There are 2 protein chains.
Amino acid sequence: MSYYSAHPRFHLAVDCIIFGFRDDKISLLLLKRDFEPAKGECSLMGGFVRENESVDDAARRVLTELTGLTDIYMEQVGAFGKVGREPDERVVSVAYYALINIDDYDHELVESHNAFWVAIDERPDLIFDHDEMVSKALVKMRGMASEYPIMFHLLPKEFTLSKLQSLCEAIYGMPLDKRNFRKQVAHTACIEKVGAIDKSESKRGAALYRFNENVFRKTGIFKL
Amino acid sequence: MSYYSAHPRFHLAVDCIIFGFRDDKISLLLLKRDFEPAKGECSLMGGFVRENESVDDAARRVLTELTGLTDIYMEQVGAFGKVGREPDERVVSVAYYALINIDDYDHELVESHNAFWVAIDERPDLIFDHDEMVSKALVKMRGMASEYPIMFHLLPKEFTLSKLQSLCEAIYGMPLDKRNFRKQVAHTACIEKVGAIDKSESKRGAALYRFNENVFRKTGIFKL
DNA sequence: TCAAAAGTGTTAAGTTTACACCCATGA
DNA sequence: TCATGGGTGTAAACTTAACACTTTTGA
């Protein structure tokens, strides 16, 4: 096997950009590191790829280690492979973003990792090239969200149109017109009224809606 | 350094999806492998990442090894890290696409690698997960091309509007209306007439145009 | 009774699409 | 002289954007 053994080997890591929707803002789950390297600084949740595990599986495992969540929507952002990106050793890292519903994660587990939520436009500086990873993840996530119905991963199964609108505004970074927005939703078959009413956000109460995956698969139509 | 040494190391490769525009079709530069593994089959051009080289640099080096070209537009497609993706050894590969002007490459070098051009919709089956790499590269390239003026990397510096239109048609996979297309070009400040006439494709001759990078940077406007 | 969020249509502006003929030239 | 690719404008359909008031109800 000299064809292979002539070539060097590298440490391979994964890092997770975990997005949630909190207080009408896209937020990020970060670690305040209580371990080396870069103890005391802020970073993404990461981990090393194992021998008998795909890189995608490593990302899923690392996400589960922090949040307790499985079956989460994740997309690869890309490989980060500059020579000096970690100071002590050469490590190539593959970044992934995840979209989670902030109501669902395991709070104890998150606290035990010294992790915390922060709005993306208030995020602290991160170690290594993690800032670049977050920037790229944001661009990629926004691009995907404008073409595919991935934003629903950030919401509970049932949501009001006000919440959906403020999510769109947070993703696209611009205010949207309420009437135009609701007109568009009304023409989107895969978003359907469930009948129930949410009274937690207003006195009057707001109709609850949900995303119907099957309708989306049939029509292929989604654009908000 | 036991923090690092406790973790496994992996062979890291890069693979290049090299796009060119030939006979009005998006084409791909492939290898007919005269070496193991998978000798006799078709594959992308690839190579292993070296110790003191970034992953991006490895991709550039591999592209240069095959084509002789430097300073080529490349984008990372992503990391491919399934456990069994190469049969004999675990190798994680990072794929990149490159856009080259097909008039420019070193023909001798390409022939010495047993490489050949093929239109994307006539490509043969490729080894390992290279088919998946090509599909993802195409999606990513098309997405980028619809937002940024990257298509000009596939053309000579000066080109006729007919060539540019047939390139757009090849990228978007649909026919375009000639008058609407030219109207749009006329409103795109970063595409400017050079004055010269190309007589190689028609008796009458066609005006030559070029992409002006500086105008694009000022206006930020590009949409074809 | 009033504050706070929910809900509801119309019109003007702009963009996109469809479409057919004349021009210049070399063979 | 004719075959080949180069070049040109208009009108209808559709999409997007702007805009303000009424409803419900808990505090």
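Just so you know, these numbers come straight off a predicted model, no measurement behind them. Within every chain, numbering begins at 1; the chains are lettered A, B, ... in the order of the sequence lines, protein sequences first and strands thereafter.
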Interatomic distance, F181(A) CZ vs dT16(D) C1' [rounded to whole Å]
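Atom CZ in F181(A) sits about 16 Å away from atom C1' in dT16(D).
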
D198(A) CG to dT24(D) P, in whole Å, measures 18 Å

Segment of DNA chain C, first to last nucleotide, that comes within the 4.0 Å heavy-atom reach of chain B:
dT17(C) to dG26(C)

Partner residues of [X] under the salt bridge (charged side-chain N to carboxylate O under 4.0 Å, His left out) criterion, sequence neighbours left out:
{"X": "R33(A)", "value": "none"}
{"X": "E192(B)", "value": "R210(B)"}
{"X": "E132(A)", "value": "K82(A), K136(A)"}
{"X": "R182(A)", "value": "none"}

Of Y209(A), F211(A), F152(A), which meets ring-ring contact (aromatic ring centres under 6.0 Å, His included) against F159(A)?
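The option that passes is F152(A).
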
With sequence neighbours excluded, give me every salt bridge (charged side-chain N to carboxylate O under 4.0 Å, His left out) pair touching residues 213-224 of chain B.
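Non-adjacent pairs meeting salt bridge (charged side-chain N to carboxylate O under 4.0 Å, His left out): E213(B)-R217(B).
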
When every nucleotide of nucleotides 3-12 of chain D is labelled 5' to 3' by its protein contacts under 4.0 Å (heavy atoms), B for base, S for sugar-phosphate only, - for none, what sequence of letters results?
BSBBBBBB--

Considering residues at least two apart in sequence or located in another chain, which fulfil the side chain to side chain donor-acceptor pair (under 3.5 Å) criterion with S166(A)?
D24(A)

side-chain hydrogen bond (donor to acceptor under 3.5 Å, both in side chains) pairs, two or more places apart, involving residues 108-119 of chain A
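Every pair satisfying side-chain hydrogen bond (donor to acceptor under 3.5 Å, both in side chains) with a residue in residues 108-119 of chain A: Y105(A)-W117(A).
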
